[in-house]
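Here the structure is laid out as structure tokens; the discussion comes afterwards.
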Amino acid sequence: MKSLLIVYHSQSGTSALLARSAWRGAQLEAGIEVSLLRAWDAGTLDLARAGGLLLVMAENSGALCGTIKDFLDRTFYPAIARGLVLPYALLISAGNDGRGAQRQAERILSGYPFLPAAQPVILRGALCAAHQEASTELGQAFAAGLSMGIF
Ligand SMILES: Cc1cc2nc3c(=O)[nH]c(=O)nc-3n(C[C@H](O)[C@H](O)[C@H](O)COP(=O)(O)O)c2cc1C
């Protein structure tokens, strides 16, 4: 069965709620196994089992939040050694920007090399229903693409 791995980190709970919404959206697609893991619980074996990766994170100080950076640092060489090439998508929670986290994530992920499966989604400001809806849509669209073999 194809599988989507959602890896997230959240300090205040905002990104966690977005990740859960994406997880719910992905669950709407039949035939896709969806895993939701905190970044500090996720590693190379989880990537090796996955057919796609959705990263959910905040922008902190103009960059990726540290725990997602740590996940990427830990898995970079092991993923290359295994020849893993996955489609990925980014869901970024930000106060008023998010582009620094996007740029940094895209740059790092291009080195794996992982391939973008969707436009990055940046959600700015306080959590609201529209943010949760956008997260659900991204999760469902990514899972649908995996299910149809588009990526
Ligand atoms: C230490 C810190 C640094 C932040 N830096 C940025 C930033 O550079 N750009 C931005 O748009 N938002 C920034 N924010 C706001 C967060 O990205 C935003 O509140 C996000 O929703 C936090 O999600 P989380 O609490 O689930 O991790 C920062 C927040 C914190 C706590």
Side-chain angles (χ1 to χ4, degrees), residues 2-29 32-80 84 86-146 151:
K2 294 183 180 169
S3 66
L4 173 61
L5 172 64
I6 303 174
V7 174
Y8 74 96
H9 176 71
S10 184
Q11 197 170 177
S12 68
T14 299
S15 300
L17 286 169
L18 300 178
R20 193 160 290 275
S21 294
W23 177 81
R24 268 198 296 274
Q27 296 276 9
L28 297 172
E29 286 302 315
I32 291 284
E33 191 178 84
V34 191
S35 307
L36 178 66
L37 291 180
R38 293 179 301 180
W40 54 60
D41 294 329
T44 308
L45 284 181
D46 301 296
L47 286 177
R49 288 189 204 109
L53 171 68
L54 173 58
L55 288 178
V56 186
M57 67 203 139
E59 173 168 276
N60 283 352
S61 307
L64 281 179
C65 70
T67 310
I68 293 286
K69 175 71 165 44
D70 168 75
F71 166 71
L72 296 172
D73 288 349
R74 282 188 286 109
T75 58
F76 185 72
Y77 282 129
I80 289 173
L84 299 180
L86 295 180
Y88 78 87
L90 301 175
L91 179 54
I92 297 168
S93 179
N96 58 12
D97 194 343
R99 293 169 300 171
Q102 176 193 333
R103 272 194 302 275
Q104 196 183 9
E106 287 174 340
R107 184 159 181 234
I108 295 169
L109 289 163
S110 71
Y112 275 70
F114 288 179
L115 310 166
Q119 286 295 316
V121 174
I122 300 179
L123 301 170
R124 299 185 176 98
L127 181 74
C128 60
H131 289 178
Q132 290 186 274
E133 200 176 310
S135 304
T136 304
E137 277 173 16
L138 179 61
Q140 183 171 12
F142 198 172
L146 285 174
F151 310 123

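As the structure lists them, so they are numbered: ligands from 1, and atoms in each ligand from 1. Only a predicted model underlies this, so the values are computations on that prediction, with no experimental measurement involved.
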*So, T14 side chain and A126 main chain: donor-acceptor pair closer than 3.5 Å or not?*
no
*List for me each residue that meets side chain to side chain contact (heavy atoms under 4.5 Å, CB included) alongside A19, sequence neighbours excluded, and say none if there are none.*
I6, Y8, L36, V56
_Those protein residues which place at least one heavy atom below 4.0 Å from ligand 1_ = S10, Q11, S12, G13, T14, S15, A58, E59, N60, S61, G62, S93, A94, G95, N96, D97, G98
*Sequence neighbours excluded, which residues qualify as side chain to side chain donor-acceptor pair (under 3.5 Å) partners of Q102?*
E106
*For the ring pair F151 and F142, is the centre-to-centre distance below 6.0 Å?*
yes
_For the CG atom of D73 and the CD1 atom of I68, what is their distance to the nearest 0.5 Å?_
11.5 Å
Residues 92-100, side-chain donor-acceptor partners within the protein, below 3.5 Å, at least two apart:
from, atom 1, to, atom 2, distance (Å)
D97, OD1, R99, N, 3.0
D97, OD1, R99, NE, 2.8

